[in-house]
Amino acid sequence: MAPPPEFCQPPIKPFEVAIVGGGISGLTLALHLLIHRVPTKLYEQAPRFGEIGAGVAFGPNSAKALSLISPHICKAFEDAETNNLAETKKSVWFDFRYGDTCDGRRPDGGLICTLECDGGQRAVRRSAFLDGLVKLLPSGVAEFGKRVESFTQDRDGVTLCFQDGSTAKHDVVVGCDGVKSRIRKCLLGEDDAASTPTFSGKYAYRGLIPMQQAAAELGPELAGNSQMYLGRHGHVLTFPISQGDTMNVVAFGSANAWDSAQWVKPVAKKDVINEYSHWGHSVRRIIDMIQQPDVWALFDHPPATTYYDGLVSIMGDAAHASTPHKGGGAGMAVEDAYILGNLLGAISDKSHIQGALAAYDATRRARTQRLVVDSREQGMLFDLELGFDDPDQLASNISQRMKWLWDYDITNELEEAYSLLKVHCAPLAVST
Ligand SMILES: Cc1cc2nc3c(=O)[nH]c(=O)nc-3n(C[C@H](O)[C@H](O)[C@H](O)COP(=O)(O)OP(=O)(O)OC[C@H]3O[C@@H](n4cnc5c(N)ncnc54)[C@H](O)[C@@H]3O)c2cc1C
Ligand SMILES: *[C@@H]1O[C@H](CO)[C@@H](O)[C@H](O)[C@H]1NC(C)=O
């Protein structure tokens, strides 16, 4: 089926954008630019689109940004999403429980609090959502097997240098190449400490359990609706994916350092079982059911002092990779694509590109870097490392700290970005 007409109109802008990386960031930005009729090229290192099938969840701010970009993009998400199975749990983000009795001082599985939000838990398999986005992209926009190594730029544009020895020149480049971004490295400089991701002190085991088995063991209420079990130096969360056919498990743990060059690797099930052996029965029976677990080291970025230089910019994980404790990384990428796509869509002159990148940087940097810092803190909160011994205080902190992320009016941010754009690009008019 051909993509909807809004993505296929003939381009009209006198400049071409090159996007490096075809994950959630790169694809959403490409689609948004096509709506604004900006000539767009996307380079992806892999031989085809595709990603591991891990679950990713979207909060209210993420869903809002998706729908503001395009109802088709919103639908791609809705077609792939899974919610809590019980009708009474549709607006629940997580039920927070004690998973570790803390030497008998806490009830095993005891409820700490329930946090609700608009839409509740909305999870997709990343691969399913990406498939939906790829279907919207007209053929010819993406080129595969193109790994960018570096770039050079002059007043006239940016030259990308690929691993295969080829080069390509474009008017502006946006690095959407993820946490290990080459564009970030070249933009900030190899010796800038912020150009290298840091180990966050946390890792995660990930596993999938057939829902039938999970429901038989835990009961349909706990298996079919999102749960988060807190403990000392770790926490375990579960939520339904694949329209309720599968229960996704993520079990977090702490380490001082990550010595392996591999960030994702298979682990022996008995080692995971052993690690959670001092936890309560509620968590141990979940861990027991995981087949073929992987471990993921969680890295994030020290704050970059800028998200652009000249005609090159970074967004998504390339700009602000964070730990997953607020479930906010992918949503921030979509917000970035909303702001940057609108700014580049508002200008009609090549000489205004730098002004658009400057306005994007000025409006996005503080909010996205706040996510990185707050997400680390939230991980420590869930791992009972912040000293909330009183369950009521713990519940109150958990209930308050998602507000700044979720209750956000990004259309105000866009207005602010347009004002900055007009200042940067004066006296020539920009059409917003
Ligand atoms: C364990 C875990 C759980 C998470 N859970 C959540 C969650 O629940 N909710 C949420 O919102 N976020 C979550 N996130 C974060 C979320 O996955 C990311 O924020 C999001 O996927 C970032 O998308 P991206 O497109 O910026 O980067 P990526 O998805 O990393 O995509 C980068 C793309 O660029 C390509 N690429 C890389 N280098 C080059 C190069 N040099 N040249 C060409 N192409 C290149 C890659 O092949 C890839 O396709 C989680 C992250 C982790 C690690
Ligand atoms: C939660 O607790 C942390 C650590 O004490 C504190 O920094 C943060 O401000 C608190 N947040 C809320 C919303 O109460």
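Counting starts at 1 for both ligands and their atoms, in listed order. Quick note: residue numbers are just sequence positions, from 1. Nothing here was measured: the structure is a model prediction, and the numbers come from that model.
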Is the shortest distance from a heavy atom of Ala46 to ligand 1 less than 4.0 Å? no

If I apply the N/O under 3.5 Å rule, does Ala318 come out as touching ligand 1? no

Check whether any heavy atom of Glu377 sits under 4.0 Å from an atom of ligand 2. yes

Any atom of ligand 1 sitting under 4.0 Å from a heavy atom of Gln163? no

Taking only non-hydrogen atoms of Ala333, do any sit less than 4.0 angstrom from ligand 1? no

May I have the list of side-chain donor-acceptor pairs in residues 171-183 shorter than 3.5 Å, sequence neighbours left out?
from: Asp171; atom 1: OD1; to: Lys350; atom 2: NZ; distance (Å): 2.8
from: Asp171; atom 1: OD2; to: Glu16; atom 2: N; distance (Å): 2.6
from: Asp177; atom 1: OD1; to: Ser181; atom 2: OG; distance (Å): 2.6
from: Asp177; atom 1: OD2; to: Ser181; atom 2: OG; distance (Å): 3.2
from: Asp177; atom 1: OD2; to: Arg182; atom 2: N; distance (Å): 3.0
from: Asp177; atom 1: OD2; to: Ile183; atom 2: N; distance (Å): 3.1
from: Ser181; atom 1: OG; to: Ile183; atom 2: N; distance (Å): 3.2
from: Ser181; atom 1: OG; to: Arg184; atom 2: N; distance (Å): 2.8
from: Arg182; atom 1: NE; to: Glu149; atom 2: O; distance (Å): 2.9
from: Arg182; atom 1: NH2; to: Glu149; atom 2: O; distance (Å): 3.1
from: Arg182; atom 1: NH2; to: Glu190; atom 2: OE2; distance (Å): 3.4

With the threshold set at under 4.0 angstrom, would you say Arg126 reaches ligand 1 through any of its heavy atoms? yes

Looking at Arg105 and Asp389, is any side-chain nitrogen of the basic one under 4.0 Å from a carboxylate oxygen of the acidic one? yes

Salt bridge (charged side-chain N to carboxylate O under 4.0 Å, His left out) between Asp100 and Arg106, intermediate numbers included: CA-CA 7 Å; Asp100 171 357; Arg106 304 288 172 229; over 6 Å; no

Options Gly21, Ala297, Cys176, ranked by nearest heavy atom to atom 32 (C) of ligand 1, top entry: Cys176

Counting only heavy atoms, which portion of Ala123 has something under 4.0 Å from ligand 1: side chain, backbone, both, or neither? neither

Nearest neighbour of atom 30 (O) of ligand 1 from the list Gly178, Ser181, Ser150, Ala319, on a heavy-atom basis: Gly178

Step-by-step side-chain hydrogen bond (donor to acceptor under 3.5 Å, both in side chains) determination, Asp300 to Ser322: CA-CA 5 Å; Asp300 62 12; Ser322 76; over 6 Å; no

Counting the benzene-type ring for Trp, do His235 and Phe94 have ring centres under 6.0 Å apart? no

Minimum non-hydrogen distance to atom 38 (N) of ligand 1, winning option of Asp177, Val148, Val124: Asp177

State if Ala204 counts as touching ligand 1 under the rule of any non-hydrogen atom under 4.0 Å. no

Give the atoms of ligand 2, by number and element, whose distance to some non-hydrogen atom of Arg401 is under 4.0 Å. 1 (C)

Under 4.0 Å to a heavy atom of Gly23 - the qualifying atoms of ligand 1, by number: 25 (O), 31 (O), 33 (C), 49 (O)

Report yes or no: do Tyr408 and Glu413 form a side-chain donor-acceptor pair below 3.5 Å? yes

Among Met315, His320, Met332, Arg206, closest by any non-hydrogen atom to atom 3 (C) of ligand 1: Arg206

Shortest reach to atom 22 (C) of ligand 1 by a heavy atom, considering only Leu371, Asp317, Asn61: Asp317

What atoms of ligand 1 come closer than 4.0 angstrom to any heavy atom of Ala57? 7 (C), 8 (O), 9 (N), 10 (C), 11 (O)

Any atoms of ligand 2 less than 4.0 Å from a non-hydrogen atom of Asn397? List them with their elements. 1 (C), 2 (O), 3 (C), 8 (C), 10 (C), 11 (N), 12 (C), 14 (O)

Heavy-atom distances under 4.0 Å decide this one: backbone, side chain, both or neither, for Lys146 against ligand 1? backbone

Candidate pair Lys185 and Thr196, rule side-chain hydrogen bond (donor to acceptor under 3.5 Å, both in side chains), full reasoning: CA-CA 7 Å; Lys185 268 249 173 245; Thr196 310; 2.9 Å; yes

Quick one: side chains of residues 238-248, donor-acceptor pairs under 3.5 Å with protein atoms, not counting sequence neighbours, listed by atom name and distance.
from: Gln243; atom 1: NE2; to: Glu81; atom 2: O; distance (Å): 2.8

Kindly confirm or rule out an N or O of Val20 lying under 3.5 angstrom from an N or O of ligand 1. no

Which atoms of ligand 1 sit under 4.0 Å from any heavy atom of Trp296? 1 (C), 53 (C)

Considering only protein heavy atoms, determine whether one is less than 4.0 Å from atom 2 (O) of ligand 2. yes

Report yes if Ala330 has an N/O atom closer than 3.5 Å to an N/O atom of ligand 1; otherwise report no. yes

For Gly331, the ligand 1 atoms with a heavy-atom partner under 4.0 Å come out as 11 (O)

Student check: side-chain heavy atoms of Ile286 and Leu222 closer than 4.5 Å: no

Run the numbers for me: atoms of ligand 1, each under 4.0 Å from some heavy atom of Gly316, listed by number. 26 (O)

May I ask you to check whether over 12 heavy atoms, not counting those of Asp154, lie within 6.0 Å of atom CG? yes

Below the 3.5 angstrom mark, is there an N/O of Arg182, backbone or side chain, next to an N/O of ligand 1? no

Polar contacts were defined as any N/O atom of the residue lying under 3.5 Å from an N/O atom of the ligand; does this apply to Ile24 and ligand 1? yes

Please confirm whether Glu149 approaches ligand 1 to less than 4.0 Å, judged on its heavy atoms. no

I would like to know whether Thr411 and Lys64 meet side-chain hydrogen bond (donor to acceptor under 3.5 Å, both in side chains); could you show each step before the answer? CA-CA 10 Å; Thr411 59; Lys64 171 107 185 272; 5.0 Å; no

Between the side chains of Thr114 and Lys89, is a donor N or O closer than 3.5 angstrom to an acceptor N or O? no

Candidates Trp296, Phe199, Phe299, Tyr203 - the one meeting ring-ring contact (aromatic ring centres under 6.0 Å, His included) with Trp263: Phe299

For atom 4 (C) of ligand 2, the closest protein heavy atom turns out to be Leu386 CD1, 4.0 Å

Are a donor atom and an acceptor atom from the side chains of His36 and Asn342 found within less than 3.5 Å of each other? yes

Look only at the side chain of Asp336 and the backbone of Gly316, and say whether a donor-acceptor pair between them is shorter than 3.5 Å. yes

Has ligand 1 got any nitrogen or oxygen that is less than 3.5 angstrom from a nitrogen or oxygen of Gln45? yes

Against heavy atoms of Gln400, which atoms of ligand 2 measure under 4.0 Å? 13 (C)

Check this for me: Lys90, atom NZ, are more than 12 non-hydrogen atoms of other residues, nucleotides or ligands nearer than 6.0 Å? yes

Please check whether Gly327 reaches ligand 1 - meaning an N/O of the residue sits under 3.5 Å from an N/O of the ligand, judged on distance alone. yes

For the aromatic rings, using the six-membered ring if either is Trp, is the centroid distance between Tyr360 and Tyr308 under 6.0 Å? no

Minimum-distance protein heavy atom relative to atom 5 (O) of ligand 2: Phe388 CZ, 4.0 Å

Of Leu42, Asp294, Val56, Thr323, the one whose closest heavy atom lies nearest atom 6 (C) of ligand 1 is Val56

Determine the sole option in Thr40, Ile69, Ile73 for which the side chain to side chain contact (heavy atoms under 4.5 Å, CB included) test with Leu31 is passed. Ile73

